[in-house]
Every structure is written in structure tokens, then in C-alpha cells.
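A short worksheet on the structure shown next.
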Amino acid sequence: MEDLKPRPANSSPLTPIGFLERAAIIYGDSPSIIYGHTTYTWSDTHRRCLQLASSLSSIGIQRGHVVSVISPNTPPMYELHFAVPMTGAILNTINTRLDARTISILLCHSESKLIFVDQAFCNLIHNALDLFPPEINRPMLVLIADDAVAEESSSSVLIDGDFLGSYEEMIRKGDSDFRWIRPASEWDPISLNYTSGTTSSPKGVVHCHRGSFIITMDMLLEWGVPKQSVYLWTLPMFHANGWSFSWGMAAVGGTNICIRKFDAALVYSLIRRHHVTHLCGAPVVLNMLTNSPDIRPLDWPVKILTAGAPVPATILFRIESLGFDVTHGYGLTETGGTVVCCSWKAEWNQLPAEERARLKSRQGVRTVATPAVDVVDLETGESVARDGVSMGEIVLRVGSLMLGYFKDLEATAKSMTEEGWFFTGDVGVMHPDGYLEIKDRSKDVIISGGENLSSVEVESILYTNPSVNEAAVVARPHEFWGETPCAFVSLREGLTQQPTEEEIIEYCKGKLPRFMAPKTVVFMTELPKTSTGKIQKYLLKEMAMSMGPPP
């Protein structure tokens with residue numbers, strides 16, 4: 001047996017990009033993408049991606065280059081998940097909620113060669129590029145025109161000298177017989193995704209073809225996604241490549257229903273019009289669906305996968321009463337999708353609704369492609385008791401784990417141990433039945449509407465205010481967003497005029513993406529500290545929790 005080794009015939013690199021060619025063969029005449037009045041088949045999507053990859057290669061995009069895109073969930077955003085890797089390049093999807101300063105930092109850090117820009121974000125990208133240091137080469141630009149944006153703004157965007165041309169022009173010029181560039185190794189990078197709220201020290205998560213293949217297949221299996229499902233894109237594709245479903249829908253020949261932005265009334269309308277079977281979203285999406293004036297029970301079960309933040313049991317109870325079938329999961333940008341799911345047991349269906357919701361609010365058990373999950377004591381490193389009370393850090397062994405953080409070997413080494421564990425930075429408990437539940441964040445990250453906000457970064461902005469002496473930011477409960485930043489501030493002595501809460505908030509909005517700015521500011525004479533001078537955030541968290549959600 002020891003003479004049998006890997007060889008080219010038995011070690012072909014795993015990649016999700018091959019799903020598209022297969023879909024074109026099996027489901028060629030079936031709809032792949034529906035967007036407004038536009039419908040493409042899988043044959044169309046396969047051809048368009050090859051033509052776009054051909055055009056990218058012809059302008060010099062090659063293996064190892066980073067290609068960025070800033071766009072909502074439109075057909076081009078979906079197609080780029082295949083077309084960019086088909087050239088050997090690495091796809092970088094940009095969070096559309098970020099401000100120009102943050103985007104500029106991330107583009108410089110990634111050394112992006114080209115940016116596909118949806119026309120709604122042209123000014124944002126121009127402002128970001130204006131902040132580039134003079135010695136940094138600017139990336140090329142390609143415009144993604146969209147009639148929906150033109151109708152909203154009552155004006156069209158002209159392609160100025162900064163743009164190479166338009167997205168559709170690149171497709172028209174491309175060769176549909178282009179031989180796409182397969183990865184030389186399954187460990188070759190396929191995507192670069194930045195964790196949100198970390199611009200002071202950008203964390204660029206690099207995933208490889210192998211990991212993306214594994215997480216895609218794992219998610220389809222765990223969620224039980226059948227062939228030719230109808231998937232509604234309520235989850236931004238810039239969130240971990242849409243939790244891998246950008247590639248997953250090609251694997252099952254499903255139909256992608258694309259929308260520019262989330263609107264509950266539109267979601268209910270599209271569910272009924274296209275007989276939607278699946279959608280994903282952070283808990284805030286579930287909350288919006290339960291609070292829509294257009295609510296009426298669904299005519300068939302629609303499966304929702306939710307992750308990104310702990311889900312209150314009350315929201316689960318309300319959403320399932322409407323006919324949605326919720327699967328609750330847990331994952332990180334670093335894992336490429338959910339690697340822990342609250343796998344449902346048939347006997348739980350006999351329990352009262354409130355108890356079912358409580359059980360489902362837990363994060364769950366490891367998926368098939370996740371070898372191990374544990375909760376370990378932060379001091380000893382030993383597994384905590386499975387009692388649902390003893391807290392520790394959640395650690396994972398994951399088949400889809402990132403290659404590491406781009407240009408940050410120190411952070412990469414710190415997050416992964418030689419024993420094979422990835423330290424998540426999340427604190428949780430393990431219940432007696434082996435199901436995991438998150439209890440807190442060990443790194444003071446605030447989760448607002450599924451977005452991770454760094455409290456340290458918000459504090460750094462507060463400290464730039466000349467009136468602020470000390471600042472600490474913690475999470476305050478919010479019925480809509482889950483959590484919002486709450487700032488505790490002490491002011492400098494001798495001020496002739498003290499700022500108001502509104503002035504501090506507006507100051508932060510001028511220097512941060514609006515969703516990162518504090519929604520509450522509490523003034524204190526002095527912040528509580530330890531004997532060594534460290535601010536005692538746990539006391540501030542207790543105060544913010546006791547305040548409850550804002551009215």
C-alpha cells in the first residue's frame with residue numbers, strides 16, 4: 001500500500017468553478033438568473049462567463065491578480081464569481097456599506113488590478129481612489145450599467161476616461177470558446193474577503209479552490225438543497241461569497257433570483273411570483289420579514305438559513321408561524337460559510353412552539369465536512385464541561401478554513417494552532433446533548449444587522465474628537481438590528497461648551513460608515529478601570545444591557 005501515491009490522475013484539483021460547465025450541459029435551457037425583466041439560462045451564464053474571462057485575460061489579468069467588484073446582488077455580481085477565477089485571478093467582493101476611506105485602504109492593501117463598479121457606486125469608488133497615495137498604482141475600472149439605477153436617478157452614467165468600458169462590452173468582445181484556466185493546485189487562492197470593521201488593521205481572508213469546493217458541497221448537503229431549487233438573493237454576495245451559494249446554485253442547477261436591495265414587500269412578492277424555495281439572511285432579515293405590513297402566511301414552506309448573529313427565540317417563533325422553515329447556523333468569513341448548524345431532530349417537533357424556538361436558537365453541531373468543534377477553557381485549553389453553563393472559546397477544525405490572512409502571517413499563526421485548531425474569538429457553551437451555543441464575543445465585536453463592527457475602531461474615532469477624554473464602545477441590544485454601538489465617554493476638563501449626544505454621533509458619522517457610528521452616547525465623569533488602568537468593559541456591557549433596546 002505504501003507504494004500507492006498521489007498522481008495526476010487521482011489528484012485533480014478540486015474547484016467549484018467546474019460546476020458551471022456541468023450546469024450548462026444538464027440544465028442548459030433552465031433559468032439560471034432572473035433579475036427584473038431579464039432572464040438567463042445556464043447555457044447563457046456559462047457562455048457569458050467564458051466571454052468575460054476571455055476579455056479579462058486579453059487585458060492582462062492573470063493568475064494571482066486580484067480583481068474587485070462593488071455591486072449589489074445583480075447578474076454581473078453572480079457571474080464574476082466564475083469569470084474571475086476562470087482567468088486564474090482572485091475575486092475580491094467589496095462591502096457596499098463601507099465608506100470611501102475604508103474602501104481606499106482595502107483596495108491599496110489588496111493591490112487590486114481592476115474594479116467592476118456598479119453605476120450606483122461610481123462616486124464612492126472615485127472618492128476612494130482620490131485617497132490613494134501617489135505612489136500606489138490605481139486599478140483599472142469597468143462600469144456595470146443598470147437600467148434599474150438609471151430609472152431611480154432619472155439619469156444615465158456616461159463612461160468617462162477613467163473606465164476601460166462597460167461590463168456588457170467586455171462580454172460582447174470575449175471568446176465563448178475560451179479555455180478557462182484551471183487551478184494548478186487546489187490550494188490556489190480563489191477569493192479575498194475582508195472582515196468588516198477592521199480597517200485600522202485590514203484582515204483579508206484568503207480562501208482556496210479546495211476550501212470553497214468543500215464548503216459549497218457541505219452547505220448543500222447540510223441544508224438539503226434539491227436540484228433546481230429557486231434561491232432568492234436576500235444575503236449579500238459580498239458576505240463570504242454569499243456563504244458559498246454563488247457556486248452552490250450552479251451545482252444543483254438552481255435559479256438565482258437577484259435583487260438590488262432587501263425590501264420585505266418585494267421579497268414576499270418574488271416568493272409568490274417565482275415559487276422561491278430557499279433564501280438566506282442574518283437575523284435582522286428575519287425580523288424585517290415578520291414586521292412587514294404585507295404579511296400573510298405562505299402557501300408553501302420556504303427554507304431560510306440564518307447566521308451571522310445569535311437569533312432571539314421570539315423572532316424564530318414569529319418567522320416560523322408564517323410558514324418559513326428556519327435553519328440556524330454558525331460560521332465566519334474565515335470558514336467560508338456555516339460550519340455548525342442546528343440540525344433538527346424529528347422528536348423535537350412534538351415539543352411546544354416556544355421550546356422548539358429555544359432549541360433552534362442554539363448554533364448546533366458540526367457539519368459533515370467539519371471534523372471537530374469544541375469549547376475550551378481560555379486558561380487551561382481543556383474542553384469545558386458539557387453543561388450549557390461553563391463558557392470557553394469556540395475552536396474549530398474545518399475543511400474549508402481559509403489559507404490565512406493576506407499579508408499578515410502573525411495573525412494567521414495566532415489564529416491557528418499546530419494541533420490543528422482554529423480559534424474563533426467567540427465565547428460559547430456546550431450543552432449536554434452536544435449542541436453549541438454562543439454566549440458572548442471575546443474580542444468585543446458588535447454584530448449589527450449581520451455586520452461585524454470593531455469597537456476598537458469606533459473608539460479610535462471617538463478619541464480624535466477634541467472634547468473626548470476617554471471612550472469605550474460596547475453592544476446595546478436593539479430590536480431591529482440585534483445590536484448597535486453604545487459609546488461611554490468622559491469629556492476633557494475645562495471645556496467651555498460640552499458636546500451633546502447628537503453632536504458626538506454626527507461627528508462619528510462623518511468619519512465612519514453610518515452603520516458603525518454609535519447610536520447611543522452615555523457621558524460619565526470617569527470610566528470604570530482596573531487597578532492597572534484598563535477600562536472595565538464588562539461593567540459597561542452590563543450597563544448597556546440594563547438600558548435595554550432604545551425606544
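Positions are given from 1 along the sequence. All figures in this text were calculated on a predicted structure; none of them were measured in a lab.
- At a cut-off of 3.5 Å, with distance as the only test, no side-chain donor of Ser58 or Ser55 sits close to an acceptor on the other residue.
- Counted within 6.0 Å of CZ on Arg514, heavy atoms from surrounding residues, nucleotides or ligands total 12 or fewer; the atom is thus considered open.
- For the pair Ile33 and Cys258, the tightest heavy-atom approach, listed with the atom from each and the gap, is CG2-SG, 3.9 Å.
- Under the side-chain hydrogen bond (donor to acceptor under 3.5 Å, both in side chains) criterion, Lys173 pairs with no residue at all, not counting sequence neighbours.
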Test log, rule side chain to side chain donor-acceptor pair (under 3.5 Å), inputs Glu334 and Ser415: CA-CA 10 Å; Glu334 288 87 343; Ser415 67; over 6 Å; no

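- Listed by chain and number, the residues in a side chain to side chain contact (heavy atoms under 4.5 Å, CB included) with Thr520 are Arg476, Cys486, Glu501, Val522, Met547 (sequence neighbours excluded).
- A 4.5 Å side-chain heavy-atom check between Leu129 and Pro139 finds at least one atom pair inside the cut-off.
- Looking at residues two or more places apart in sequence or on another chain, you find a ring pair (Phe, Tyr, Trp, His ring centres under 6.0 Å) between Phe19 and Phe213.
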Chi angles and distances behind the side-chain contact (heavy atoms from CB on, under 4.5 Å) call for Ser57, Phe178: CA-CA 10 Å; Ser57 293; Phe178 176 74; 3.4 Å; yes

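- In this structure, Arg272 places its CZ atom where more than 12 heavy-atom neighbours from other residues, nucleotides or ligands lie under 6.0 Å away.
- Remark: Thr464 engages Tyr507 in a side-chain hydrogen bond (donor to acceptor under 3.5 Å, both in side chains) (not counting sequence neighbours).
- Pairs passing the ring-ring contact (aromatic ring centres under 6.0 Å, His included) check and including a residue from residues 88-109, sequence neighbours excluded, read His109-Tyr194, His109-Phe406.
- Residue Lys407 qualifies as enclosed at atom NZ: its count of foreign heavy atoms under 6.0 Å is above 12.
- Salt bridge Arg48/Glu168: present, at least one basic N to carboxylate O contact under 4.0 Å.
- Residues Ile90 and Leu192 approach most closely at CG2-N, 3.7 Å, considering heavy atoms.
- With hydrogens and angles ignored, the 3.5 Å screen pairs no side-chain donor or acceptor of Asp218 with any backbone N or O of Ile215.
- The residues Asp99 and Lys511 are annotated as not salt-bridged, no charged nitrogen and carboxylate oxygen being separated by less than 4.0 angstrom.
- By the ring pair (Phe, Tyr, Trp, His ring centres under 6.0 Å) test, His46 is found to be paired with no residue, residues two or more places apart in sequence or in another chain being considered.
- Between the side chains of His81 and Asn241, a donor-acceptor pair is found at a separation under 3.5 Å.
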Residues Lys113, Ile61; criterion side-chain contact (heavy atoms from CB on, under 4.5 Å); working and verdict: CA-CA 8 Å; Lys113 302 295 183 186; Ile61 297 301; 3.9 Å; yes

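- For His275, the ring pair (Phe, Tyr, Trp, His ring centres under 6.0 Å) partners at least two apart in sequence or on another chain are Trp300.
- In the model, Thr367 has a side-chain atom that pairs as donor or acceptor with a side-chain atom of Thr370 under 3.5 Å.
- Counting heavy atoms from C-beta outward, Val225 and His278 have side chains that approach closer than 4.5 Å.
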CA sep, side-chain torsions, deciding dist, call: Val468, Ile504, side-chain contact (heavy atoms from CB on, under 4.5 Å): CA-CA 9 Å; Val468 171; Ile504 293 291; 4.2 Å; yes

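- With respect to the salt-bridge test (charged N to carboxylate O, under 4.0 angstrom), the residues Arg260 and Asp146 qualify.
- Every residue was checked against the side-chain hydrogen bond (donor to acceptor under 3.5 Å, both in side chains) condition with His478, not counting sequence neighbours, and none meets it.
- For the residue pair Ser68 and Asn92, a side-chain donor N or O sits within less than 3.5 Å of a side-chain acceptor on the partner.
- Thr195 has its side chain within reach of Val205: a pair of non-hydrogen atoms, C-beta onward, lies under 4.5 Å apart.
- Ion pairing of Arg179 with Glu21 is absent here, as no side-chain N (NZ or NE/NH1/NH2) approaches a carboxylate O to less than 4.0 Å.
- A salt bridge between Glu79 and Arg47 is absent, with no side-chain N of the basic residue lying under 4.0 Å from a carboxylate O of the acidic one.
- Looking only at distances, no side-chain donor or acceptor of Ser104 sits under 3.5 Å from a matching main-chain atom of Arg101.
- Every residue two or more places apart in sequence or in another chain that forms a side chain to side chain contact (heavy atoms under 4.5 Å, CB included) with Ala487 is listed here: Leu462, Val473, Val489, Pro518, Val521.
- Around CG of Asp29, the count of heavy atoms belonging to other residues, nucleotides or ligands within 6.0 Å does not exceed 12.
- Scored by the side-chain hydrogen bond (donor to acceptor under 3.5 Å, both in side chains) test, Glu503 finds no partners at all (sequence neighbours excluded).
- Applying the side chain to side chain contact (heavy atoms under 4.5 Å, CB included) rule to Met288 yields the partners Phe262, Val284, Phe480; only residues at least two apart in sequence or on another chain are considered.
- With respect to the salt-bridge test (charged N to carboxylate O, under 4.0 angstrom), the residues Asp162 and Arg138 do not qualify.
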Candidate pair Val267 and Leu289, rule side-chain contact (heavy atoms from CB on, under 4.5 Å), full reasoning: CA-CA 8 Å; Val267 166; Leu289 288 172; 3.8 Å; yes

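- The ring pair (Phe, Tyr, Trp, His ring centres under 6.0 Å) check on Trp233 picks up Tyr231, with sequence neighbours excluded.
- For the 3.5 Å distance criterion, the side chains of Glu410 and Tyr405 fail to qualify, holding no donor opposite an acceptor.
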Full working for ring pair (Phe, Tyr, Trp, His ring centres under 6.0 Å) between Trp223 and Phe245: CA-CA 11 Å; Trp223 204 15; Phe245 289 108; 5.3 Å; yes

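- Note that OG of Ser54 is 11.5 Å distant from CD1 of Ile171, once rounded to the nearest 0.5 Å.
- A donor-acceptor pair shorter than 3.5 Å can be found between the side chains of Asp426 and Tyr330.
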